[in-house]
Amino acid sequence: MRLLPEYRGRRIRPYMRKLNVTLAFVFSFVLLLPAFAFGYVNIDALKAVDVKTIVILAVLSVLAIVLGIWFSWFFREQTPFGKKVDRLGILSKYFFEHGFYYEKKRSGQNAKSKIRYPKIYVKQRKYDLDISFEMAGNKFQDKFSKMGGELEKTLFMDFMETVDDVKYKTYTMAYQAFLNRINVTDVTYEKGKGLLLMKNFYWDFDSDPHLLVAGGTGGGKTVLLQTLVLALAKIGVVDICDPKQADFVAIADMPAFKGRVAFDVEDIIQRFEKAEVIMMARYKFMNDERVRLKHKSLKKYYEYGLEPYFISCDELNALMAMLDYKQRERLDKSLGNILFLGRQAGVFDISAMQKPSREDLGSKLQANINMRLNVGRLDDGGYDIMYGGVNRNKDFKYLKYISGRRVYGRGYGAIMGDVAREFFSPNMPRGFEFYDEFIKLERHENRFDPDENPEISVDIVNDKELLAVATEATNQANQMSVNKNQTEDVKYNLKEVADNIGVSRPQVFKVVKMIEDDGYTTFEHDDTDKQVLTSSEVALVKELFDFKATNDLTWSNAVEQYFTKESED
Ligand SMILES: Nc1ncnc2c1ncn2[C@@H]1O[C@H](COP(=O)(O)OP(=O)(O)OP(=O)(O)O)[C@@H](O)[C@H]1O
């Protein structure tokens with residue numbers, strides 16, 4: 001039970017729309033004080049119309065006004081506090097210009113009418129802000145329920161998600177994603193979290209298998225792909241397909257990649273066919289181990305001591321354009337099986353393309369790639385294929401410059417079904433050469449690759465029994481979105497849960513509390529009585545966020561329907 005109303009931040013008021021003028025006025029006034037003092041001291045000269053004194057006073061006054069206006073601009077645009085103040089002004093102006101106000105006529109013929117805004121609050125944090133709109137019968141409530149895109153345009157920020165409660169609808173908007181950018185060399189794998197791509201942004205391939213990277217020419221797709229290859233080759237084997245024979249030519253003879261880079265169309269198709277063999281050979285090994293260890297069901301690859309295996313392909317559009325009908329069929333079959341069955345065996349695909357297209361991907365392939373990143377510019381259709389219906393109203397922006405500097409590798413990222421968030425591909429520092437890093441990589445052996453182990457038979461892909469084992473394991477894994485055994489001992493506090501999901505801590509707190517209060521489940525509490533969640537509980541909360549977004553529900557409805565649906569299932 002709550003004794004006090006929830007603090008939702010600063011209320012937006014009509015006067016705030018004139019904050020920039022007010023600030024300029026205040027700054028100018030302060031700076032005019034020396035001019036006034038000068039005038040006061042030289043009052044006699046002024047009375048005597050001394051030209052020199054008048055000129056000095058005029059210059060001082062003009063300077064004070066110009067400086068006052070500049071200070072006001074500098075404060076609002078360049079200081080963190082000033083930016084917060086500026087956002088209040090921008091929002092107030094937006095609500096005024098779009099008629100989101102009540103007007104009360106005052107008595108008297110020429111009296112101005114009084115303006116009042118509905119209750120709108122802004123809570124600004126370091127990386128994001130919440131804007132809460134009062135609904136509860138408010139005449140603007142229909143408009144307030146579709147504000148995501150408008151707020152993005154108005155504040156030039158990234159819409160993350162909405163949370164509904166009884167009276168308010170709250171939009172979370174993120175800014176300064178740029179500050180979360182990391183360097184290429186900081187991209188590392190963290191157990192239980194995945195590959196760190198940005199501060200608080202991971203690709204957890206074990207729970208969100210396969211990655212699609214898209215972006216127009218020069219957007220930074222290849223640099224991102226090289227970054228991924230560099231980080232992933234440290235934790236497993238990476239095979240590479242480069243149909244344009246461009247960026248990976250130099251690494252083909254390096255220890256970690258020798259015999260693992262394909263350029264010709266036929267070689268590339270064979271590489272995908274071999275990746276399917278590798279996947280099935282891993283399933284065979286895992287299943288034999290399952291029998292030996294007397295496991296009831298097949299666990300994930302790392303439970304049997306295996307490292308992940310990745311197959312990456314740059315320029316998928318170009319590759320598809322080069323294939324004849326037969327080749328396309330072969331590629332679709334192998335890639336399709338890898339995308340569908342790869343997760344449990346730790347076999348992951350990374351595909352990069354200039355322009356995501358339904359023909360090149362096919363709906364089956366597309367549906368099984370869980371993680372999406374784009375860098376540079378895409379057209380509307382491209383964003384739609386990448387991020388789906390949940391993001392249809394999102395205002396995807398293309399930024400070439402930030403603070404006057406050319407920016408590379410900016411785009412969006414999301415797990416399929418989530419709201420896309422602004423993404424900055426890890427920064428390649430000046431003077432950094434991938435070549436120097438690739439050459440240092442140690443070779444990880446791949447005992448499931450028929451090229452590297454003659455005992456592996458390519459016919460394993462036709463083993464019907466093994467296929468049944470793989471399919472069943474996949475179906476089971478798909479039902480349980482996170483394998484409980486993996487990180488049962490790792491506990492996440494609510495801040496970590498929020499970071500993992502990409503939402504704010506208060507939102508997670510609210511959902512967790514609602515689940516507990518409604519008696520659906522209880523979470524463990526730490527010494528300070530704060531909830532801590534296991535990874536499967538994190539997955540549950542995340543699924544709830546997805547469920548709410550996909551079905552466009554209020555939180556209480558989402559929680560209720562989600563758990564009733566679960567128990568019916
Ligand atoms: N993350 C980054 N950090 C710093 N610079 C980058 C980054 N990404 C790209 N660049 C700069 O942009 C240039 C082009 O990037 P990249 O080759 O990755 O583009 P692309 O999208 O693959 O284009 P294409 O499809 O034509 O090959 C790079 O040579 C580099 O100078």
Side-chain angles (χ1 to χ4, degrees), residues 158 176-188 195-203 211-233 238 240-252 261-263 265 268 310 312-322 349-357 360-361 371-379 381-383 385-387 396-413 420-438:
D158 208 29
Q176 297 181 325
F178 188 62
L179 299 180
N180 289 346
R181 190 170 207 178
I182 58 173
N183 271 342
V184 165
T185 43
D186 298 329
V187 178
T188 42
L195 194 69
L196 180 73
L197 297 175
M198 240 167 95
K199 278 179 210 153
N200 304 330
F201 188 63
Y202 294 84
W203 173 34
L211 166 64
L212 182 60
V213 178
T217 308
K221 191 167 34 63
T222 303
V223 170
L224 175 57
L225 214 53
Q226 286 173 319
T227 307
L228 294 168
V229 170
L230 180 63
L232 296 173
V238 186
I240 296 165
C241 305
D242 181 12
K244 279 206 168 168
Q245 304 203 18
D247 301 282
F248 292 96
V249 175
I251 71 167
V261 189
F263 299 108
V265 172
I268 291 176
F310 302 88
S312 97
C313 184
D314 200 359
E315 306 292 356
L316 204 68
N317 304 108
L319 174 69
M320 294 299 187
M322 290 184 234
D349 170 71
I350 301 170
S351 292
M353 56 205 310
Q354 289 224 352
K355 191 174 156 45
S357 90
D360 288 346
L361 281 170
M371 184 73 185
R372 314 291 172 102
L373 296 172
N374 83 277
V375 281
R377 200 199 305 254
L378 290 183
D379 59 21
Y383 285 120
I385 294 173
M386 288 292 284
Y387 301 111
F396 288 100
K397 292 181 279 281
Y398 171 63
L399 293 190
K400 212 168 174 181
Y401 297 93
I402 290 184
S403 304
R405 292 174 72 179
R406 179 84 165 88
V407 58
Y408 295 99
R410 181 200 170 275
Y412 293 86
R421 52 188 282 183
E422 193 176 17
F423 171 70
F424 283 91
S425 157
N427 183 44
M428 182 175 67
R430 206 166 282 217
F432 178 88
E433 290 289 344
F434 275 105
Y435 186 95
D436 298 339
E437 298 302 315
F438 281 135

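Quick note: numbers below take in every heavy atom, side chains included, and nothing from hydrogens, waters or symmetry partners. Numbers here are sequence positions counted from 1. Atoms within each ligand, like the ligands themselves, are counted from 1 in listed order.
Under 4.0 Å is where a charged nitrogen must lie from a carboxylate oxygen, and between Asp379 and Lys355 at least one such pair does.
Close N/O approach between Tyr408 and ligand 1 is not found [any backbone or side-chain N/O within under 3.5 Å]. Checked against a 3.5 angstrom limit, the closest N/O atoms of Asp247 and ligand 1 fall outside it. For a threshold of 3.5 Å applied to N or O pairs, the pair formed by Gly409 and ligand 1 contains no separation below that value.
Ranking the protein heavy atoms by distance from atom 28 (C) of ligand 1 puts Val223 CG2, 4.1 Å first. Here the protein heavy atom with the shortest distance to atom 22 (O) of ligand 1 is Thr222 OG1, 2.5 Å.
Scanning both residues, Thr227 and Val187, for their nearest heavy atoms gives CG2-CG2, 3.6 Å. The nearest pair of heavy atoms linking Pro243 to Glu315 is CG-O, 3.6 Å. The heavy-atom pair separating Ile385 from Pro356 by the smallest distance is CD1-O, 3.3 Å.
Close contacts of ligand 1 with Asn427, meaning ligand atoms under 4.0 Å from a residue heavy atom, involve 3 (N), 4 (C). Short contacts between ligand 1 and Gly216, defined as distances under 4.0 Å to a heavy atom of the residue, involve ligand atoms 21 (O). Those atoms of ligand 1 with a heavy atom of Pro426 less than 4.0 angstrom away are 1 (N), 2 (C). Counting atoms of ligand 1 from 1 in the listed order, those under 4.0 Å from a heavy atom of Gly220 are 8 (N), 9 (C), 15 (O), 16 (P), 18 (O), 19 (O), 20 (P), 21 (O). The ligand atoms of ligand 1 that sit less than 4.0 angstrom from a heavy atom of Arg181 are 1 (N), 2 (C). Each of the following atoms of ligand 1 lies closer than 4.0 Å to a heavy atom of Gln354: 25 (O).
Summarising the contacts of atom 3 (N) of ligand 1 with Met428, Arg410, Met353, the nearest heavy atom is found in Met428. Residue nearest to atom 14 (C) of ligand 1, selected from Gly218, Ala318, Gly215: Gly218 (by heavy-atom distance).
Relative ring orientation between Phe396 and Tyr412 is described as perpendicular, the plane-to-plane angle rising above 60° on a 0-90° scale split at 30° and 60°. Ring-plane geometry between Tyr387 and Tyr383 is classed as parallel, the angle between the planes falling under 30 degrees on a 0 to 90 degree scale with a further cut at 60.
When distances from atom 25 (O) of ligand 1 to the protein are checked, a heavy atom turns up under 4.0 Å.
In this structure, Glu315 counts as a contact residue of ligand 1, since one of its heavy atoms falls inside 4.0 Å of the ligand. Contact analysis leaves Gly376 out of contact with ligand 1, as no non-hydrogen atom separation drops below 4.0 angstrom.
Side chains of Asn183 and Thr185: no donor on one and acceptor on the other come within 3.5 Å.
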Checking side-chain contact (heavy atoms from CB on, under 4.5 Å) for the pair Met353/Leu319: CA distance, chi angles, key distance, verdict?
CA-CA 9 Å; Met353 56 205 310; Leu319 174 69; over 6 Å; no
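Of the candidates Val229, Leu228, Leu230, Val229 is the only one forming a side chain to side chain contact (heavy atoms under 4.5 Å, CB included) with Val238.
For Tyr398, the OH atom counts as densely surrounded, since its 6.0 Å shell holds more than 12 non-hydrogen atoms of other residues, nucleotides or ligands.
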